Amino acid sequence: IYDNYAVNEKKHVHNFIELVYVASGFMKHQIDGKTFECYRGDFILIDTNSTHSFEIEPNSTYFNLCLKFDDISESTISSFIFQNKDDIKNTILSFSGDDRREIESILRSMYVEQINQLIENEKIFESYFNILCVKLERKFYNKDDDSYDNWNEVIKYIQNNLDEQLSLKSVASKCFYNSSYFSRLFKSKMGTTFISYVNNLKIQKAKDYLANSQLSIDEISKNNLSD
């Protein structure tokens, strides 16, 4: 495992599986001619013999784990990665909130164990690695359900806070997303931009107020329900 800073990598090929986790900032990977944009909380797997390069924003950091079959003992449960690498590769597994904090704590602990080389460090390192693999396995098999549940929470938050000064940045931060990534994700999920979606909700809520309350247009405007 390596803890790395913002240095671009030219095209290369290696004979091991590489797991890359973005700890901060943004990375753009090129893997066998395909582009993958990764932000904090994203894991991506690069398979053996894949042609790989990446660009990374200044001040960004990442962890990468380099895995070979002979590096892993028979007791490990990391076989999930090797047995499913054809399905996992070219798939971004995204972690947010408490899950992201736990993943980053595991990676930091693995890195410290590797650097310090204390007694029985290999056993401790492998234990952390097994926990990490379980986290990846759970995310892989439940990524669609998680995405659905998380997105419902995002929409619910927007709908319940229309009276507040909602901004793309504030909502993205609330949901542990990078603003630019959240903007693209929102449009792909909802078919419209964040601003258009919020404005349409505000217009509809303003119409409901006009039809079903004694509030004036000025009073509705003061409640942030008009542009």
Side-chain angles (χ1 to χ4, degrees), residues 1-72 76 78-96 99-117 121-122 125-126 128-137 139-140 143 172 176-185 188:
I1 183 170
Y2 301 93
D3 183 11
N4 298 283
Y5 292 89
V7 178
N8 295 339
E9 283 278 355
K10 296 181 179 180
K11 285 185 179 180
H12 61 277
V13 178
H14 39 62
N15 62 349
F16 50 83
I17 291 175
E18 184 177 5
L19 280 171
V20 179
Y21 175 83
V22 182
S24 65
F26 168 76
M27 299 178 73
K28 183 163 67 174
H29 293 269
Q30 292 283 342
I31 305 173
D32 293 333
K34 296 181 180 179
T35 301
F36 301 88
E37 295 185 345
C38 297
Y39 298 85
R40 183 184 176 190
D42 288 348
F43 256 114
I44 191 165
L45 181 146
I46 299 97
D47 200 1
T48 54
N49 301 316
S50 293
T51 302
H52 175 225
S53 65
F54 65 79
E55 298 175 4
I56 184 168
E57 283 186 346
N59 302 316
S60 300
T61 59
Y62 66 97
F63 290 93
N64 64 330
L65 291 85
C66 305
L67 309 175
K68 292 183 178 179
F69 283 101
D70 53 7
D71 291 334
I72 307 301
T76 190
S78 62
S79 57
F80 157 74
I81 291 176
F82 293 101
Q83 292 172 359
N84 297 278
K85 63 185 179 67
D86 288 339
D87 295 322
I88 302 172
K89 69 179 181 181
N90 301 343
T91 298
I92 296 174
L93 298 179
S94 298
F95 293 85
S96 62
D99 287 338
R100 187 176 73 184
R101 284 187 284 270
E102 189 171 359
I103 287 290
E104 291 176 359
S105 176
I106 292 169
L107 289 168
R108 283 192 295 269
S109 297
M110 292 174 68
Y111 180 71
V112 169
E113 283 297 326
Q114 179 175 275
I115 293 298
N116 290 340
Q117 295 289 304
N121 73 297
E122 291 184 1
F125 184 92
E126 186 171 304
Y128 280 128
F129 184 57
N130 283 335
I131 296 171
L132 178 65
C133 288
V134 171
K135 294 290 186 183
L136 292 173
E137 184 173 11
K139 177 61 67 172
F140 177 71
K143 59 182 183 295
F176 301 98
Y177 284 117
N178 171 281
S179 295
S180 59
Y181 175 71
F182 178 76
S183 177
R184 291 194 297 274
L185 183 63
S188 70

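These numbers come from a predicted model, not from an experiment.
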Exercise. Looking at OG of S50 and NE2 of H12, how far apart are the two atoms once the value is rounded to the nearest 0.5 Å?
Worked result: 9.5 Å
Problem set entry | Residues R40 and E104 bridged, charged N to O under 4.0 Å | yes
Problem set entry | Value rounded to 0.5 Å, distance of CE in M27 from CZ in F36 | 13.0 Å
For this session: Quick one: pull up CD in E137 and CG in L93 and give me the separation to the nearest 0.5 Å.
Result: 11.5 Å
Exercise. Could you walk me through whether L107 and F129 pass the side-chain contact (heavy atoms from CB on, under 4.5 Å) check?
Worked result: CA-CA 8 Å; L107 289 168; F129 184 57; over 6 Å; no
Exercise. Are any non-hydrogen side-chain atoms of L45 and E18 less than 4.5 angstrom apart?
Worked result: no
Exercise. Sequence neighbours excluded, which residues qualify as side chain to side chain contact (heavy atoms under 4.5 Å, CB included) partners of N121?
Worked result: E113, Q117
Exercise. Among T51, I46, D47, which residue meets the side chain to side chain contact (heavy atoms under 4.5 Å, CB included) test with I31?
Worked result: I46
Exercise. Name the one of H52, K34, E9, E37 that satisfies side chain to side chain donor-acceptor pair (under 3.5 Å) with H29?
Worked result: H52
Problem set entry | Closest heavy-atom pair and its distance - S53, K11 | CB-N, 3.6 Å
Problem set entry | Rounded distance (nearest 0.5 Å) linking atom CD of E102 with atom CZ of R100 | 13.5 Å
Exercise. Distance-only, no hydrogens or angles: does the S105 side chain make a donor-acceptor pair with backbone N or O of R101 under 3.5 Å?
Worked result: no
Exercise. Which is it for C66 and I17 under the side-chain contact (heavy atoms from CB on, under 4.5 Å) test, yes or no, and what are the steps along the way?
Worked result: CA-CA 6 Å; C66 305; I17 291 175; over 6 Å; no
Problem set entry | Heavy-atom side-chain contact between N59 and S24 under 4.5 Å | no
Exercise. Looking only at atom types and distance, does a side-chain atom of S60 sit under 3.5 Å from a main-chain N or O of F26, one as donor and one as acceptor?
Worked result: yes
Exercise. Stepwise, does the side-chain contact (heavy atoms from CB on, under 4.5 Å) test hold for M110 with F63?
Worked result: CA-CA 10 Å; M110 292 174 68; F63 290 93; over 6 Å; no
Exercise. Is there a side-chain contact between F125 and N130 (heavy atoms, below 4.5 Å)?
Worked result: no
Problem set entry | CA sep, side-chain torsions, deciding dist, call: Y62, F54, ring pair (Phe, Tyr, Trp, His ring centres under 6.0 Å) | CA-CA 12 Å; Y62 66 97; F54 65 79; 5.4 Å; yes
Exercise. Can you name the closest pair of heavy atoms from N49 and V13 and give their distance?
Worked result: CA-CG1, 3.5 Å
Problem set entry | CD-CG distance between Q114 and L65, expressed to the nearest 0.5 angstrom | 8.5 Å
Exercise. For the atom pair OG (S109) and CD1 (I131), what is the distance rounded to the nearest 0.5 Å?
Worked result: 9.0 Å
For this session: Apply side-chain contact (heavy atoms from CB on, under 4.5 Å) to Y111 and I115, showing your working.
Result: CA-CA 6 Å; Y111 180 71; I115 293 298; 3.7 Å; yes
Exercise. Distance-only, no hydrogens or angles: does the N64 side chain make a donor-acceptor pair with backbone N or O of L19 under 3.5 Å?
Worked result: no
Problem set entry | Test item: T48 and H14 side chains (from C-beta on) under 4.5 Å apart, heavy atoms | no
Problem set entry | Non-hydrogen side-chain atoms of F95 and F43 separated by less than 4.5 Å | yes
